[in-house]
Protein chains: 2
Amino acid sequence: MDVKTLCLGVLALGDASGYEIRKAFEDGPFSHFQEAGFGSIYPALKKLTDEELATCFEHQQDSRPDKKVYQITAKGRQALFDAVNREPSGDKFRSDMMFALFFADLMPIRRVDRIISDRIDHHAQVLQDLEACEHENMAPGPAFVLRFGRAMHACAKAYLENHQHELIGGVLQRDVAQ
Amino acid sequence: MDVKTLCLGVLALGDASGYEIRKAFEDGPFSHFQEAGFGSIYPALKKLTDEELATCFEHQQDSRPDKKVYQITAKGRQALFDAVNREPSGDKFRSDMMFALFFADLMPIRRVDRIISDRIDHHAQVLQDLEACEHENMAPGPAFVLRFGRAMHACAKAYLENHQHELIGGVLQRDVAQ
DNA sequence: CTCGCTATATCTCGCGCCGATATATTTCTT
DNA sequence: AAGAAATATATCGGCGCGAGATATAGCGAG
């Protein structure tokens with residue numbers, strides 16, 4: 001899914017500026033399964049207007065830099081429809097922490113412990129945010145996706161909590177053996 | 001974690017060719033939390049030898065193209081140590097399927113159903129592969145990471161199985177309402 | 001027996017994207 | 001009153017991904 005399509009998805013929920021689109025990936029409804037930074041959003045928005053998949057209105061009433069609000073066009077909705085109905089590619093998961101923990105024997109035990117504890121806290125925070133997002137009258141799609149995120153973060157948190165001691169214990173044994 | 005470091009990680013487990021490094025991300029011990037293709041591995045290996053973090057031996061005994069076997073150096077082990085002891089960045093999860101399912105109301109119900117069923121099968125397959133990987137006498141790090149992968153895929157599979165009907169039902173209701 | 005598929009093996013190219021950075025103002029916090 | 005955070009747009013360099021080129025061996029189906 002390229003960033004152009006991702007932006008189209010955000011715009012399908014309502015008009016938005018580049019900054020607001022960014023927030024949709026930072027905090028908003030897409031935050032737990034897609035991401036995009038300014039470096040990809042602004043060029044994508046440019047292409048989108050060039051291809052007439054979105055239009056741009058400049059609102060200068062703010063004292064801040066002119067706010068450019070983008071709106072999806074009928075052609076844009078069609079492009080989103082086409083993208084959604086293409087075969088989705090596989091999920092991608094990348095974890096630098098898991099790579100590091102694979103080599104846990106190269107780390108001081110205290111560090112292993114701290115990294116995992118920090119990550120548990122992080123999952124707890126995300127879980128709280130996701131629960132705050134949920135409300136009644138959600139469409140089936142967004143609700144399904146939100147609850148999936150909740151399930152996955154809860155699972156990761158539970159695994160780390162239940163197995164933290166095993167890793168610490170295992171590495172400690174190595175230290176004693178040496 | 002750049003591909004250079006990822007390659008160093010594979011080489012730390014034993015000497016390998018570019019092709020074998022690829023397999024470590026396709027099937028091997030890193031497959032469920034990192035990925036890298038030839039387009040990134042070969043340039044990374046070149047840089048690694050330039051910086052003397054790895055050395056290269058050419059084995060021409062095969063009838064196939066010369067096999068270049070790479071070996072990690074002491075300097076390379078130090079670089080891996082440094083990378084592992086740097087603060088890991090956050091996990092990244094990207095799912096085109098979840099993006100599509102967010103807009104489930106733009107899809108025929110049959111398609112929604114089929115996509116989810118296919119994904120359940122996929123998780124089952126990965127789960128089987130991961131279980132086959134597990135054996136006794138695993139170091140604590142690799143074991144922890146492998147079991148994490150198992151837990152996450154089992155969780156995703158269970159969620160999809162338990163909530164598939166809700167999404168189908170929800171979208172059906174919409175169709176009846178129209 | 002041969003056709004094609006899969007596995008082994010290396011490498012390039014272009015496009016897309018990410019993180020860092022620059023810039024400027026307002027509003028909230030201490 | 002100072003400073004941090006939020007609002008807002010934009011660029012740039014480098015990394016990396018997917019697709020494809022190239023070549024050979026082995027294996028099973030027809």
Side-chain angles (χ1 to χ4, degrees), chain A residues 1-8 10 15-28 30 34-51 54 56-70 83 86-94 96, chain B residues 1-8 10 15-28 30-31 34-51 54 56-70 83 86-94 96 99:
Chain A
M1 223 44 100
D2 57 19
V3 177
K4 260 167 57 186
T5 309
L6 257 24
C7 289
L8 239 27
V10 177
D15 299 354
S17 62
Y19 188 78
E20 286 164 337
I21 291 174
R22 172 76 218 278
K23 277 201 298 183
F25 295 107
E26 180 95 9
D27 300 311
F30 298 100
Q34 292 291 345
E35 44 189 310
F38 290 124
S40 6
I41 291 171
Y42 285 113
L45 249 16
K46 203 172 201 173
K47 279 179 213 159
L48 246 26
T49 42
D50 286 350
E51 297 170 30
C56 175
F57 304 94
E58 288 195 42
H59 291 232
Q60 73 280 38
Q61 80 272 29
D62 289 298
S63 43
R64 296 190 195 79
D66 287 11
K67 192 175 182 175
K68 291 186 184 176
V69 175
Y70 292 85
R86 261 194 292 280
E87 212 53 29
S89 61
D91 292 353
K92 293 181 206 321
F93 175 69
R94 320 196 107 198
D96 285 3
Chain B
M1 221 46 99
D2 56 21
V3 177
K4 260 167 57 186
T5 309
L6 257 24
C7 289
L8 240 26
V10 178
D15 300 354
S17 64
Y19 188 79
E20 286 164 337
I21 292 174
R22 173 76 218 279
K23 276 200 302 183
F25 295 108
E26 180 93 8
D27 300 311
F30 297 100
S31 58
Q34 292 291 346
E35 43 189 311
F38 290 124
S40 7
I41 290 172
Y42 285 113
L45 249 16
K46 203 172 200 175
K47 280 180 212 159
L48 246 25
T49 42
D50 286 350
E51 297 170 30
C56 176
F57 304 94
E58 288 194 41
H59 291 232
Q60 73 279 39
Q61 80 272 29
D62 288 299
S63 43
R64 295 188 196 76
D66 286 11
K67 192 175 182 175
K68 290 187 185 177
V69 176
Y70 293 84
R86 261 194 292 280
E87 211 54 27
S89 61
D91 292 353
K92 293 183 206 320
F93 175 70
R94 320 196 106 197
D96 284 3
F99 181 80

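Every heavy atom of this structure was used, including side-chain atoms; hydrogens, water molecules and symmetry mates were not. In what follows, chains carry the letters A, B, and so on, assigned in the order in which the sequence lines appear, proteins first and then strands, with residues in each chain numbered from 1. Every value quoted in this text rests on a predicted model; they were computed, and no experiment measured them.
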Practice prompt. Would you indicate whether the side-chain heavy atoms of L45(B) and Y70(B) approach each other to under 4.5 Å?
Written response: yes

Discussion item. Just the rounded figure in Å: distance from P of dA8(D) to CD1 of I21(A).
Written reply: 13 Å

Response to the item:
Here the gap from E20(A) atom CD to K67(A) atom NZ, rounded to the nearest 0.5 Å, amounts to 4.0 Å

Practice prompt. Indicate the atoms forming the closest heavy-atom contact of A44(B) with V3(B), along with that distance.
Written response: CB-CG1, 3.9 Å

Worksheet item: Between the two ends of the helix from dC1(C)-dG30(D) to dT30(C)-dA1(D), what is the bend in degrees, rounded to 10 degrees, where each end axis spans five pairs?
Response: 50°

Worksheet item: Just wondering, do D15(B) and F57(B) contact through their side chains at under 4.5 Å, heavy atoms?
Response: no

Discussion item. If I take atom NZ in residue K46(B) and atom C1' in nucleotide dG16(D), what distance separates them, rounded to the nearest angstrom?
Written reply: 16 Å

Response to the item:
To the nearest angstrom, the NE2-P distance between H59(B) and dT10(C) comes to 11 Å

Worksheet item: side-chain contact (heavy atoms from CB on, under 4.5 Å) with E51(B): which residues, sequence neighbours excluded?
Response: K4(B), K47(B), L53(B)

Discussion item. Without decimals, in angstroms, what is the distance between L48(B) CG and dC15(D) P?
Written reply: 13 Å

Worksheet item: In whole angstroms, how far is the C1' atom of dG16(D) from the CG atom of L6(B)?
Response: 12 Å

Worksheet item: Under 4.0 Å: is that the gap between some side-chain N or O of K23(B) and OP1 or OP2 of dA7(C)?
Response: no

Worksheet item: For the pair made of OH in Y19(B) and P in dT6(C), what is the distance, rounded to whole Å?
Response: 12 Å

Discussion item. For a quick check, with a 4.0 angstrom heavy-atom cut-off, what is the B/S/- contact string for nucleotides 14-19 of chain C, read 5' to 3'?
Written reply: --SSBB

Fill in: Closest non-hydrogen atom pair, I21(A) against A16(A)
CG1-CB, 4.0 Å

Fill in: Between P of dA7(C) and NZ of K67(B), the distance in whole Å
16 Å

Item to complete: Ignoring the backbone of Y42(B), work out which of dT12(C), dT11(D), dT8(C) is nearest its side chain.
Response: dT12(C)

Item to complete: To the nearest Å, give me how far apart CZ (F25(B)) and P (dG18(D)) are.
Response: 14 Å

Worksheet item: Hey, does the side chain of S17(A) come within less than 4.0 Å of dT9(D)'s phosphate (OP1/OP2), counting only N and O?
Response: yes

Fill in: Where Q34(A) and F99(B) come nearest, the two heavy atoms and their spacing
NE2-CB, 4.0 Å

Discussion item. Below 30° counts as parallel, above 60° as perpendicular, anything between as tilted: where do the rings of F38(B) and Y19(B) land?
Written reply: parallel

Item to complete: Take the angle between the ring planes of F93(B) and F93(A) and call it parallel below 30°, perpendicular above 60°, tilted in between.
Response: tilted

